[in-house]
Amino acid sequence: MIETLRLVNFRCFEQVSLSLDQGGRILVGENAQGKTSLLEAVCLLLRLQSPRARQTRQLIREGAEEFGIAGEAWGRTLQVRGNRKGLVLRSEGEEVSVRREYLAESGLVVWMGNEDLDLVRGGGESRRRFLDFIATQVEGDYRYHWSRYRKALSARNRYLKSYSAREGVVLAYTKMLLEHGSEMIRLRKALCENLAPLAGGNQEVISGAREELGITYVDRSKGDLEAAFAEVEESETRRGVTLAGPHRDDVKLTIAGRSAKDFGSEGQQRTVALALKLAQGELLRKLGNRPPVYLIDDVFGELDPRRRNALMSLLPADAQKLITTTNLDWWKKSGLELGVSEVREGQVS
């Protein structure tokens, strides 16, 4: 669990210190007051990833040169300092230069928000990110392959624009994509197989009906990544972009055999999104051997009573839950026993 959280020059917060109970806390306030930024800080402290920002500089408070996040988590003192050059990590006061070592000592995270509907309604990128976020938390090798693949992909796309002059370089990067991409596909497929029964059970509980949820990894290379690259070689030369690999794969979600995206009602799509995120938590616990922290961003107030009650019943009692909301009407009826803090204009009381 996270016992304390301290921020300096992070987003809208100049300086804030917060103690957290074992069960968690509810953060209430109007929109644009900093509630989500507190959850984002926890995610960054534990996983070195922001669910909202692409670049470190976006996290620095206006007028400051860097930000700092620190906290006591699972009996250890963790610190992350960020500036325009990147992140500096410390554990127990000692600088950690290898991210994998830092992450091995931190905690696991499930992020839940209204944007989760994109898992069902959106394009393949949302579903790929969903799998990648699970895999990088529980599979150390996956983070390595994922990082190497992204760097090779970026470089290959640059050289593809002048393919005739740099054919040897492009082929070298193709070999890297084959090596790391094949492992990414293998691990993603395994994750989908493990997620399917967990999400299916959640789907039935939340919907109150026997709705069979299907989760299938769509490998566009059809099991032969090398052949897939050979097939698109001419098109890649013409278009100057990499057209094969796991960065173009997807996850097919179905309800009773029909596409959840194309045929599911809004209620069914919300249920699928909740079922997937709850399954993520179950799988993280199973593979990571400890319960994750649930960061729940303004979800409860948007759900109808049936789905809200189902979600609360499925959240593990022994897991820490940090919840943001704009009102407490739902909480007063929920029986959920958590402390409440108010967030207003970058201050927490």
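Residue numbers start at 1 and run along the sequence shown.
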Side-chain heavy-atom pair Thr325, Lys35 within 4.5 angstrom cut-off: no
Would the number of heavy atoms belonging to other residues, nucleotides or ligands and lying under 6.0 Å from CZ of Arg306 be above 12? yes
Looking at Asp116 and Ala273, what are the two nearest heavy atoms and their distance? O-CB, 3.6 Å
Any non-hydrogen side-chain atom of Leu195 less than 4.5 Å from a side-chain atom of Tyr217? no
Assess whether a salt bridge exists between Arg156 and Glu236, defined as any Lys/Arg side-chain N lying under 4.0 Å from an Asp/Glu carboxylate O. yes
Could you state whether Phe133 and Leu198 fall into the same hydrophobic cluster, counting links through intermediate Ile, Leu, Val, Met, Phe, Trp or Tyr residues with side-chain heavy atoms under 4.5 angstrom apart? no
For Glu30, I'd like to know if atom CD has over 12 heavy atoms of other residues, nucleotides or ligands within 6.0 Å. no
Taking all atoms of both residues into account, what is the closest heavy-atom pair of Met1 and Leu20, and its distance? CE-O, 3.8 Å
Would you say that Thr271 contacts Ile255 through its side chain, given a criterion of any heavy-atom pair below 4.5 Å between the two side chains? no
Strictly below 4.0 Å, N to O, side chains only: are Glu266 and Arg270 in salt-bridge contact? yes
Has Arg54 got more than 12 heavy atoms of other residues, nucleotides or ligands less than 6.0 Å from its CZ? no
Quick one: does Glu14's side chain get under 4.5 Å of Asn9's, heavy atoms only? yes
Within a radius of less than 6.0 Å around CD of Glu115, do more than 12 heavy atoms belonging to other residues, nucleotides or ligands occur? yes
If we only count heavy atoms from C-beta on, is the Asp141 to Arg100 side-chain gap below 4.5 Å? yes
Would Arg127 and Asp250 pass as an ion pair if we require N to O under 4.0 Å? yes
Cationic N near anionic O, under 4.0 Å, Glu193 to Lys189: no
Using a distance-only test with no angle check, is there a side-chain donor-acceptor pair under 3.5 angstrom linking Thr77 and Arg90? no
More than 12 heavy atoms of other residues, nucleotides or ligands under 6.0 Å from CZ of Arg129: is that the case? yes
Shortest non-hydrogen pair, Leu119 vs Leu253, comes out as O-CD1, 3.5 Å
Electrostatic pair Arg285:Glu282 at N-O distance under 4.0 angstrom: no
Are there more than 12 heavy atoms of other residues, nucleotides or ligands under 6.0 Å from atom CD of Glu212? no
Does the distance from a Lys or Arg side-chain N to an Asp or Glu carboxylate O, for Arg25 and Asp21, drop under 4.0 Å? yes
List for me each residue that meets side-chain hydrogen bond (donor to acceptor under 3.5 Å, both in side chains) alongside Arg57, sequence neighbours excluded, and say none if there are none. Gln55
Please find the pair of heavy atoms, one from Asn202 and one from Ala279, that lie closest to each other, and give the distance. ND2-N, 3.3 Å
Is the CZ atom of Arg84 crowded by more than 12 outside heavy atoms at less than 6.0 Å? yes
Could you pull out the closest heavy-atom pair between Asp249 and Arg220, with the gap in Å? OD1-N, 3.1 Å
Which heavy atom in Leu48 sits nearest to a heavy atom in Leu45, and how many Å separate them? CD2-O, 4.5 Å
State, without any angle test, whether Ser50 and Glu40 hold a side-chain donor-acceptor pair at a distance under 3.5 Å. yes
